[in-house]
Amino acid sequence: MNTVPTAPPKTATGLSVQGLSVRHGHHTILHDITLGPFPPGVLCAVLGPNGSGKSTLLRAMGGLVPARGRVLLHGQALDGLPLKARARLCCTLPQSLPEPLRLSVLETLLAARRVAHPAQADDIPAALGWLERMGIASLALRPLNELSGGQRQLVGLAQALSRHPRALLLDEPLSALDPHYQYRVLALLREEAARSGLVCIMVLHDLNQALNWCQTACILHEGQVRAFGAPRTILTPALLHAIYRIHACVDTGTQGQAFMSVQGVETADQVPQKV
Amino acid sequence: MPEPAPTHPALPSALPSTAKAQAACAALNRRRQLVLALLAAGLLLSILADCAIGPASLSPRALLHALLTPDTAPPGARLILWRIRLPYALMAACVGAALGLAGAEMQTVLANPLASPFTLGTSAAGAFGASLSIVLGWHISGVPQTWIIALSAFVCSMLSVWLLETLTRLRQTETGRAETSTVVLCGVALVFSFQALVALMQFIASEDTLQDLVFWTLGSLTRAAWPAIGLLALALAGTLPFALAAAWRLTVLRMGEDRAASLGVDVPRLRRAALLRISLLSALAVAFVGVIGFVGLIAPHIARGLVGEDQRYTLPASLLSGAFILSTTALLARVLVPGVVVPTGIVTALVGIPFFLTIILRQKPGA
């Protein structure tokens, strides 16, 4: 396996990071990551095994954890901006679901908007429009504490989308959703990205979704970038084995769709190295 | 990729129209305003009852006469009302309001349903500050003794919330949120530490000051005085606008610290400002009437139950609920045993413990 295959970004469009490092105590979570650009208008994926630093990468790009290095959105540095201005440009959706509150779905969206613009009047039609596009308009007046986890995840997504950011960083946005809503959200995000030139980066675990819906992907392993590029090109059997410890390859289906076929998995624990 | 089917079996078909949603939102807000108005009316009635009922009972007419036109009222009624009953009743309302507001903000910024000035040691720290200034006999010429006690209580309360914040930060999870148990355990440690320090003050105090100190440990409204009421009312009037200005940010913070930060809320700054307001309110309450527990814990729960979690309404509702609870409890403390005023702190604790247990038992395991 070759080392970091990325060169410093040359183009100014999209979101790129340069020399990003995150430490938590004495533990380094991200090692000097240079990555990108993630292009606007399409979906991009961040892949990698558990604990590889995917969430931390997203949180560092969004400015939610202290990090060293640069984050550039269309050539503009985000890292020097105050949190409020940064959040307006680049919205990071956390992995955790919105807490089950006694607050209606509609109010949840309105509050998210009012935080950015406290003086503006409530824009109920716009908020309802987003709920309708997500397919949860019927829940608009229900309190969050009566909703299921998946429904709350959709509310969180609608909250992020309704703020019209220029970059959207989603941490496992499909984790609690049934297949209908998983593909509905993917379709909505792809449509919205194409329409508004949004940079949309999401952490995914389902490699088939990355293969078929995302144009660009980066693969993290132990806090470092192992590959960056089109998912169909970078997800080679050698890489899948090195990263996920599975024996698998990417096949093409009858309608041109790509899918992973897994032949086996390594279950033996790695022999600890001698010191 | 095949396009997703337009409908989904789990979806109810009735979608609210914009007009319907707007009407529903307006109705909800009207309902909340009505609840606030009812709470305020209940508080007013309770204050009036507190003024009227007692060993020398005042009729409603005599009460209003002495209240509205004190110059022409009989001197006996005037004296009872303006010197004894009204300060007692207003002090109860102001302390309850301060604790209710402080508790509501504390439960939000610490993301903890068990947070309150009493349970997490802020009140105990205030009591220590107050007793410290009494025992050491601090005084500055020209400054009333009350103010010095209040200032000393405030400094110690601030120290305790700062300690609490720092201790819980040390053990936060990776998402930046301290676990419920960490906050509560650190708070318990602070309660015990400051109670021990208060006991130490009692131990070294002279016999005269000891009597003063016992008053703090019990929590009593009988020494209510007009300057103290004025100062507390001023503190409430000074902090409430700032709390309300932060209402949207506090509402978003209720959805989770991570989410609030992702929406552009500077959570550490919001938390620091709220903790400053909390220590001011609870320190003044403690400095004037001693440690009164459970009001700050229960009032926010009642407020959320009544008006939901839009903090524009939750904060004032918690303030009014706190004032109403303490006002009625104060009345209870006076009429429970005829001729004796039971220290209010004892009554609130006895009434509050069942609520406290209910909150613990209703918590989801692992939350």
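Source: prediction; values computed, not measured. Proteins come first, then strands; the chains are lettered A, B, ... in the order of their sequence lines, and each starts at number 1.
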(Q) Quick one, Ser175(A) with Gln95(A), criterion side chain to side chain donor-acceptor pair (under 3.5 Å). Give me CA distance, side-chain angles, the key distance, then yes/no. (A) CA-CA 9 Å; Ser175(A) 59; Gln95(A) 197 175 349; over 6 Å; no
(Q) If we ignore hydrogens and angles and just use 3.5 Å, is the side chain of Lys54(A) paired with the main-chain N or O of Met202(A) as donor and acceptor? (A) no
Q. How many angstroms lie between atom CG of Leu204(A) and atom CG of Leu170(A), to the nearest 0.5 angstrom?
A. 9.0 Å
Q.
At a 4.5 Å cut-off on heavy atoms, which part of Arg163(A) comes close to chain B: side chain, backbone, both, or neither?
A. side chain
Q: In plain terms, say whether Asp171(A) and Arg59(A) are close enough for a salt bridge, that is, a side-chain N and a carboxylate O under 4.0 Å apart.
A: no
Q: Please flag which part of Leu101(A) lies under 4.5 Å from any non-hydrogen atom of chain B: side chain, backbone, both or neither.
A: both
(Q) Which one wins on heavy-atom pair count under 4.5 Å against chain A: Ala24(B), Gly305(B), Ala260(B)? (A) Gly305(B)
Q | Check: Gln311(B) and Thr314(B) side chains under 4.5 Å, non-hydrogen atoms | A | yes
Q: Measure distances from Thr108(A) to the heavy atoms of chain B and classify the residue's part below 4.5 Å as side chain, backbone, both or neither.
A: both
Q: Give, as side chain, backbone, both or neither, the part of Leu106(A) having an atom under 4.5 angstrom from any heavy atom of chain B.
A: side chain
Q: For Arg304(B) and Gln107(B), test the side chains for any donor-to-acceptor distance below 3.5 angstrom and give the result as yes or no.
A: yes
Q) Tell me, side chain or backbone of Val265(B) under 4.5 Å from chain A's heavy atoms, or both, or neither? A) both
(Q) Counting heavy-atom pairs closer than 4.5 Å to chain B, which one of Lys84(A), Arg88(A), Gln159(A) comes out on top? (A) Gln159(A)
